[in-house]
Amino acid sequence: MDVIAPDGMPANEPVLAHGPGSIERRTLLETLRELGGTVTEAPCVIDGKDVHTGRQFEVRPPHRREDVVATVHGAEHDTVDAAISAAMDARHDWQAMPLADRMAIFDRAADLLSGPWRARLNASTMLGQSKTIQQAEIDSACELIDFWRINNHFLATIAARQPRSTESAQNELEARPLDGFVLAICPFNFTSIAANLPSAPAVCGNTIVWKPSEKQALSAHFTMRLLHQAGLPDGVINLVHGDGGLVAERCLADPAFAGLHFTGSATVFRSLWQRIGSGITTYRQFPRIVGETGGKDFILAHPSADEDALVTAMIRGAFEYQGQKCSAASRAYLPRTLWARLRDRLIDETRGLAIGDVADPTTFLGAVIDERALRRHQDLFDRVAADADVTVMAGGTTDESDGWFVEPTILASDDPRHETMTTEWFGPILTCFVYEDSAWEEVLELVDTTSPYALTGAVFAEDEEAIGRARARLRFSAGNFYINDKPTGAVVGQQPFGGSRASGTNDKAGWENNIQRWISPRTVKRNLAPPTHHGYPSTEPD
């Protein structure tokens with residue numbers, strides 16, 4: 001069982017270190033070898049039943065692209081229609097289930113993941129998504145456990161909060177689900193996000209059509225198996241693999257569509273929102289739209305910044321999980337005197353990062369997710385090599401001999417609005433802009449106005465006045481703002497996550513805001529002393 005913090009919120013799941021000789025390292029590597037040596041068949045799951053289709057595709061480890069670790073059955077039109085029907089059929093019993101019983105299922109899922117399922121979900125994430133041991137542990141184990149436990153806490157808090165009653169009226173607020181089904185469309189980069197997008201609405205009483213990324217299909221498959229073992233009833237979450245466009249087309253055309261829970265690109269999110277808007281008269285209710293998209297996340301250093309902390313944050317923030325985090329640091333603003341002191345160290349440490357197979361515990365970076373991602377990075381490297389406004393300080397190469405490897409790259413640009421400072425590349429690339437030490441106010445303006453995104457950002461300074469000024473001036477530049485820390489690694493219940501502007505609706509995954517979005521409350525008044533005559537004192541004659 002989970003530990004309860006003094007404020008009633010479950011404590012965060014401890015991160016297992018997986019150090020040399022530890023039981024958890026040995027267990028994980030054994031499980032990794034087991035999964036890597038077999039081909040898992042991953043069907044769609046509709047109404048609790050495996051559905052095999054004719055639209056199969058393979059999952060290959062990005063770091064070992066010749067291997068096949070899963071054969072996945074992609075949805076067809078009738079598969080999606082069946083998923084919608086199953087979700088609608090399951091609604092009555094699921095929403096009628098007592099709140100405590102629904103929450104107990106996700107508590108059991110968290111306990112299973114904390115124990116016997118931990119190595120399997122971590123290993124499937126490492127294989128399918130090329131995450132290192134550390135990155136898999138904080139994602140597919142700890143963050144997902146936290147989502148399941150802490151979402152329950154927020155839901156219970158919301159349900160317990162009741163309106164005022166009086167001597168003559170008893171008032172109640174019911175935490176109803178939405179009137180229809182929810183479509184969850186998920187990214188490849190976080191197993192925890194991919195599981196939270198369907199499960200957060202589900203614990204609120206909604207039923208779900210779940211479309212994970214094709215690149216995350218292996219860990220999604222095992223997540224679904226885990227939920228069933230935890231006792232999730234058939235039809236509550238219906239897993240459909242494959243073509244996201246096909247799934248969205250069928251779901252958004254259905255009058256029972258009630259909500260979209262999305263994480264992915266801003267371009268796709270906008271297109272889905274437009275499609276929902278064009279069909280708004282066909283839905284039985286106004287759909288809830290919750291989305292987190294991308295970021296062009298910054299690290300801003302003041303001349304008073306601690307050099308050691310700054311270099312560590314730049315390397316971890318930019319290069320962990322190959323920069324494939326919407327929160328990854330991809331633009332840095334550094335004062336000239338500080339840059340002169342840390343430049344060589346930053347370059348040397350970046351060049352020394354271990355790249356390779358994530359089964360090797362010493363690996364710091366695995367591969368980017370697929371060939372398309374590698375080509376996008378190589379195209380950029382080809383352009384900047386001939387660009388007078390950009391200097392390649394470290395990296396700038398790719399290697400596809402065994403997998404889709406992109407070398408961690410440090411660029412320096414004299415143009416603060418160069419494409420390397422404005423475009424989200426979703427890879428291990430950090431562009432540095434060097435400013436004059438006296439130009440603090442000017443650089444604050446640059447940070448705020450350069451990017452359309454506003455997801456995460458970090459300021460490094462020992463000068464409290466500078467921190468205060470940055471915090472005030474950059475108030476709308478990042479939904480998650482860090483002081484003397486990297487802009488990645490938000491923890492559920494500690495740093496609620498989300499951004500605004502082009503980064504999404506800022507409904508804060510890992511906080512009460514998100515759970516509230518999947519509830520459509522009903523107010524119930526019981527009159528304890530109903531009037532027996534229609535008149536009022538004001539209508540009586542003098």
Test S330 against D297 for side-chain hydrogen bond (donor to acceptor under 3.5 Å, both in side chains), laying out the working first.
-> CA-CA 6 Å; S330 60; D297 308 295; 5.5 Å; no

Heavy-atom count around R372 CZ within 6.0 Å, excluding the residue itself: above 12?
-> no

Whether the [X] and [Y] side chains hold a donor-acceptor pair (N or O, under 3.5 Å, no angle test) is what I'd like checked.
X    : Y    : value
D507 : N514 : no
S114 : E13  : yes
E512 : H153 : no
Q378 : T398 : yes
T422 : E419 : no
T420 : S413 : no
T456 : S327 : no

Is it true that a side-chain atom of [X] and a backbone atom of [Y] form a donor plus acceptor pair closer than 3.5 Å?
X    : Y    : value
Y321 : Q129 : yes
H418 : D414 : no
T312 : A309 : no
K215 : I369 : no

Does this structure show an ion pair linking [X] with [Y], if we count only N-O contacts that are shorter than 4.0 Å?
X    : Y    : result
R64  : D357 : yes
R345 : D308 : yes
E371 : R65  : no
R25  : E137 : no
R60  : D67  : no
R149 : D111 : yes

Kindly confirm or rule out a cation-pi arrangement of K131 over F190, judged by NZ or CZ under 6.0 Å from the six-membered ring centre and within 45° of its axis?
->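 Output yes; distance and angle both within limits.
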
Taking the six-membered ring of Y453, is NZ or CZ of R501 closer than 6.0 Å to its centre and within 45° of its axis?
-> no

Quick one: which of P201, C251, P198 gives a side chain to side chain contact (heavy atoms under 4.5 Å, CB included) with V182?
-> P201

Minimum-distance pair of heavy atoms, taken over all atoms of K508 and G479 =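 Answer, listing the atom of K508 first, then G479: NZ-O, 2.8 Å.
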
Nearest heavy-atom pair of A367 and S130: which atoms, and what distance?
->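 Heavy atoms only, the tightest pair is N-OG, 2.9 Å.
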
Run the side-chain donor-acceptor check on residues 401-410: report pairs under 3.5 Å with partners two or more places apart or on a different chain.
| from | atom 1 | to | atom 2 | distance (Å) |
| --- | --- | --- | --- | --- |
| S401 | OG | D399 | OD1 | 2.8 |
| E407 | OE1 | T397 | OG1 | 2.4 |
| T409 | OG1 | G396 | N | 2.9 |
| T409 | OG1 | E407 | O | 2.7 |

Measure the CG-CD1 distance between L121 and I145 for me, rounded to the nearest 0.5 Å.
->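 With rounding to 0.5 Å, CG (L121) is 9.0 Å from CD1 (I145).
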
Between atom OG of S500 and atom CG of L455, what is the distance when rounded to the nearest 0.5 Å?
->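 Reported value, rounded in 0.5 Å steps: 9.0 Å.
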
Sort and list the pairs that fulfil salt bridge (Lys or Arg N to Asp or Glu O under 4.0 Å) and have at least one residue in residues 310-328, not counting sequence neighbours.
-> none

Using the six-membered ring wherever Trp is involved, compare the ring planes of F188 and F426 and label them parallel, tilted or perpendicular (cut-offs 30° and 60°).
->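 Rings of F188 and F426: perpendicular, as their planes differ by over 60°.
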
Aromatic plane relationship, F481 with F298 - under 30° parallel, 30 to 60° tilted, over 60° perpendicular |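 Tilted.
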
Donor-acceptor contacts under 3.5 Å from residues 262-270 side chains, at least two apart:
| from | atom 1 | to | atom 2 | distance (Å) |
| --- | --- | --- | --- | --- |
| S265 | OG | V268 | N | 3.1 |

How far apart are the C-alpha atoms of S219 and T191, what are their side-chain angles, what is the distance that settles it, and do they pass the side-chain hydrogen bond (donor to acceptor under 3.5 Å, both in side chains) test?
-> CA-CA 7 Å; S219 56; T191 298; 3.3 Å; yes

